[in-house]
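Take a look at the structure set out below.
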Amino acid sequence: MSNLPDDLVAAIREWHAVYRQLGRRPSTALRRRLLALSAEVLVHPHWQGRTGAWAALHGGARRGRAA
């Protein structure tokens with residue numbers, strides 16, 4: 001993930017952390033935070049004009065999997 005901006009990397013890491021917390025302790029606050037982080041990650045300026053952004057975000061391209 002070294003080619004991604006630091007703020008995007010931080011948002012992705014927080015997204016994963018919140019997702020894990022939500023699995024252990026479901027709450028409305030965690031669901032709302034996950035939705036907000038999802039929007040932040042998906043509309044980040046880094047992805048504008050890029051093809052295959054979803055695969056790159058989830059590492060599918062790197063692991064040779066389809067998005």
Side-chain angles (χ1 to χ4, degrees):
M1 290 176 104
S2 62
N3 61 338
L4 298 176
D6 291 340
D7 63 329
L8 180 56
V9 171
I12 293 168
R13 286 183 178 155
E14 185 179 353
W15 187 97
H16 283 282
V18 170
Y19 187 84
R20 285 190 301 271
Q21 290 173 12
L22 190 57
R24 291 189 300 267
R25 174 178 55 91
S27 75
T28 300
L30 288 173
R31 284 190 294 276
R32 286 180 179 156
R33 184 63 186 143
L34 191 64
L35 285 171
L37 287 165
S38 295
E40 182 180 334
V41 168
L42 290 175
V43 301
H44 192 279
H46 177 75
W47 304 123
Q48 289 185 2
R50 296 177 184 260
T51 57
W54 186 256
L57 175 62
H58 291 283
R62 199 172 43 244
R63 290 190 293 264
R65 293 189 322 206

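No hydrogens, no waters, no symmetry mates; every other heavy atom, side chains included, goes into these values. The structure displayed is predicted, hence computed values, not measured ones. Sequence positions, counted from 1, serve as the residue numbers for this chain.
Closest approach of Val18 and Leu30 over heavy atoms only: CG1-O, 3.6 Å.
Atom CD1 in Ile12 sits 5.5 Å away from atom CG in Leu4 (nearest 0.5 Å). Summarising the geometry, atom CZ belonging to Arg13 is positioned 14.0 Å from atom CG belonging to Leu37; distances are rounded to the nearest 0.5 Å. Tyr19 OH to Arg24 CZ: the interatomic distance, rounded to the nearest 0.5 Å, is 12.5 Å.
When the side chain to side chain donor-acceptor pair (under 3.5 Å) test is applied to Glu14, the partners found at least two apart in sequence or on another chain are Arg33. Residues passing the side chain to side chain donor-acceptor pair (under 3.5 Å) test with Arg31, sequence neighbours excluded: Thr28.
Side-chain N/O atoms of His46 and Asp7 include no donor and acceptor closer than 3.5 Å.
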**Request:** Report the C-alpha separation of Leu42 and Trp47 in whole Å, then their side-chain angles, then the decisive distance to 0.1 Å, and conclude whether the side chain to side chain contact (heavy atoms under 4.5 Å, CB included) test is met.
**Result:** CA-CA 8 Å; Leu42 290 175; Trp47 304 123; 5.7 Å; no
**Message:** side chain to side chain contact (heavy atoms under 4.5 Å, CB included), that's the test. Do Glu40 and His44 meet it? Break it down for me.
**Reply:** CA-CA 6 Å; Glu40 182 180 334; His44 192 279; 5.7 Å; no
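Between Gln21 and Ser27, the closest side-chain pair of non-hydrogen atoms is not below 4.5 Å.
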